[in-house]
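Input: a single structure, listed below in structure tokens.
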There are 2 protein chains.
Amino acid sequence: MPRPPRYDADVLLDAALELLVTQGARAVSAAAVARRAGVPSGSLYHRFPSRDALLAALWLRTVEAFQAEFGAHLRGSEPLRAARQAAVSVLTWTRAHPEQAQLLLRFRLADLLDGALPAEAKARARALRGAAEEGLRAFAQRLGLPEERVRFALVHVPYAAARASLTRGEVPPTSVDGLVEETVDALLGRPRPARRRVR
Amino acid sequence: MPRPPRYDADVLLDAALELLVTQGARAVSAAAVARRAGVPSGSLYHRFPSRDALLAALWLRTVEAFQAEFGAHLRGSEPLRAARQAAVSVLTWTRAHPEQAQLLLRFRLADLLDGALPAEAKARARALRGAAEEGLRAFAQRLGLPEERVRFALVHVPYAAARASLTRGEVPPTSVDGLVEETVDALLGRPRPARRRVR
DNA sequence: GCGATATTAGAGAGCCCTCTCTATAATCAC
DNA sequence: GTGATTATAGAGAGGGCTCTCTAATATCGC
């Protein structure tokens with residue numbers, strides 16, 4: 001039997017994530033990741049065939065984690081309630097995993113890579129995209145509302161709310177949860193009888 | 001008198017923008033910008049002291065253009081109407097200047113740079129940020145609503161709507177204008193009597 | 001034409017990065 | 001212990017990038 005591994009692939013992905021959110025995409029070189037993780041470059045390339053493959057793995061690991069949670073909420077029983085919960089879960093997840101959230105909010109997969117997406121990663125990416133599309137489509141149907149409207153309310157609005165804080169290096173305050181729920185209600189539910197004018 | 005310039009600085013900024021939106025931040029090297037613009041690298045460095053200075057100049061040129069328009073709408077007479085117009089102007093501007101919009105939507109200034117923001121750019125950036133903050137603060141006061149709510153409705157929601165299309169390489173369809181106005185009304189105005197359930 | 005001035009033009013020093021390659025080490029079945 | 005297998009470890013080839021430096025060039029006032 002073989003020599004046991006000394007470094008976990010996740011150690012490298014974690015290092016890459018840290019570099020990415022603190023220093024930006026240009027700072028994430030395979031060499032920098034290896035240095036930061038305290039791993040010889042040879043060992044890095046033993047696990048990942050290329051820098052692009054490493055970045056793709058980081059991206060996919062993160063999207064998978066996020067979508068698992070968001071999707072679970074969408075499948076909840078009462079639709080409007082599920083919608084609110086899914087939307088707010090974006091903020092909750094962001095608070096629980098600020099670095100991962102930054103990765104998703106600030107970068108596109110293609111922007112992290114130098115070349116084309118490695119074939120193996122492409123399959124994983126397509127599966128994820130498919131699952132997300134399908135989940136949203138099904139949910140829109142349950143609500144009886146156009147997909148565009150549902151996507152706007154559940155994806156882009158919470159996204160914007162999370163992004164607002166993250167770009168300032170903070171975590172979204174709980175006060176925006178209310179704004180997001182209110183927006184979801186306004187777009188997907190019956191209009192609220194009277195809006196409280198907070199001031 | 002001196003020899004007349006042969007290249008305009010904007011030619012370089014345009015080339016950088018094109019590289020940025022089509023290839024991502026990592027692709028925008030000073031060398032690549034010069035190649036793309038058909039300018040010798042020496043001439044590039046004659047205009048910009050460093051790659052970072054060039055990228056900062058591109059960013060600032062773009063933010064200034066965007067804010068000029070957004071700010072003008074905010075100063076419109078009837079507040080709720082001004083709010084709707086400002087919010088929708090984000091989408092209009094995005095359609096008129098898709099590449100510039102992508103720059104603002106997809107990248108943060110710091111992510112484009114390798115090092116710290118050059119001092120000269122820092123002053124310009126601070127001025128811009130100050131003007132934006134002040135404009136929003138004043139508008140929130142006119143509306144008599146909390147700044148956070150106004151920022152969410154006028155900045156982040158339209159931002160999200162624009163981003164939705166741009167990340168797919170498209171320009172926002174006019175159909176989202178309605179969603180944005182509806183959201184602005186719901187968050188800043190009196191609730192609409194009855195929402196039309198489109199389907 | 002002639003200096004003064006600003007700009008072009010491009011070669012190349014030095015640096016970092018990606019990725020490869022080879023030598024070495026650790027584990028297990030027998 | 002031996003062989004098979006899988007990792008580690010790190011040096012270095014080759015390439016691109018940033019930025020500098022020098023030589024050449026275009027314009028103007030006189």
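Here the structure is a predicted model, which is why all the values come from computation and not from measurement. So that the names make sense, note that chain A is the first sequence line, chain B the second, and so on, each numbered from 1.
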Rounding to a whole Å, what distance do you find between [X]:[atom1] and [N]:[atom2]?
X: A/Leu44; N: C/dC16; atom1: CG; atom2: C1'; result: 16 Å
X: B/Arg51; N: D/dT18; atom1: CZ; atom2: P; result: 6 Å
X: A/Asp52; N: C/dC19; atom1: CG; atom2: C1'; result: 12 Å
X: A/Leu12; N: D/dT8; atom1: CG; atom2: C1'; result: 13 Å
X: B/Leu55; N: D/dC19; atom1: CG; atom2: C1'; result: 15 Å
X: A/Leu113; N: C/dT18; atom1: CG; atom2: C1'; result: 15 Å
X: A/Arg36; N: C/dC17; atom1: CZ; atom2: P; result: 14 Å

* Closest nucleotide of DNA chain D for B/Pro2 versus for B/Asp114: which of these residues is on the 5' side? ->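 Checking each residue's closest nucleotide, the 5'-ward one belongs to B/Asp114.
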
* To do: List for me each residue that meets side-chain hydrogen bond (donor to acceptor under 3.5 Å, both in side chains) alongside A/Arg6, sequence neighbours excluded, and say none if there are none.
  => none

* **Partners meeting side-chain hydrogen bond (donor to acceptor under 3.5 Å, both in side chains) with A/Asp111 (sequence neighbours left out)** => B/Arg106

* **Partners passing salt bridge (Lys or Arg N to Asp or Glu O under 4.0 Å) against A/Asp14 (at least two apart in sequence or in another chain)** => A/Arg61

For nucleotides 8-13 of chain C, give me every protein contact, N/O to N/O, under 3.5 Å, one pair per line with atom names.
residue : atom : partner : partner atom : Å
C/dT8   : OP1  : B/Arg6  : N            : 3.2
C/dT8   : OP1  : B/Tyr7  : N            : 3.3
C/dT8   : OP1  : B/Arg47 : NH2          : 2.9
C/dT8   : OP2  : B/Arg47 : NH1          : 3.0
C/dT8   : O4'  : B/Arg3  : NH1          : 3.4
C/dT8   : O4'  : B/Arg3  : NH2          : 3.4
C/dA9   : OP1  : B/Arg6  : NH1          : 2.4
C/dA9   : OP2  : B/Tyr7  : OH           : 2.1

Return all side-chain donor-acceptor pairs below 3.5 angstrom for residues 17-24 of chain A, not counting sequence neighbours, or 'none' if the list is empty.
residue : atom : partner : partner atom : Å
A/Glu18 : OE1  : A/Arg36 : NE           : 3.4
A/Glu18 : OE1  : A/Arg36 : NH2          : 2.6
A/Thr22 : OG1  : A/Glu18 : O            : 2.7
A/Thr22 : OG1  : A/Leu19 : O            : 3.4

Show me the donor-acceptor pairs, under 3.5 Å and distance only, between side chains in residues 155-166 of chain A and residues at least two apart or in other chains.
residue  : atom : partner  : partner atom : Å
A/Tyr159 : OH   : A/Leu105 : O            : 2.7
A/Tyr159 : OH   : B/Arg163 : NE           : 2.9
A/Tyr159 : OH   : B/Arg163 : NH2          : 2.8
A/Arg163 : NE   : B/Tyr159 : OH           : 2.9
A/Arg163 : NH2  : B/Tyr159 : OH           : 2.8

* To do: Return the orientation label for the B/His97 and B/Trp93 ring planes: parallel under 30°, perpendicular over 60°, tilted otherwise.
  => tilted

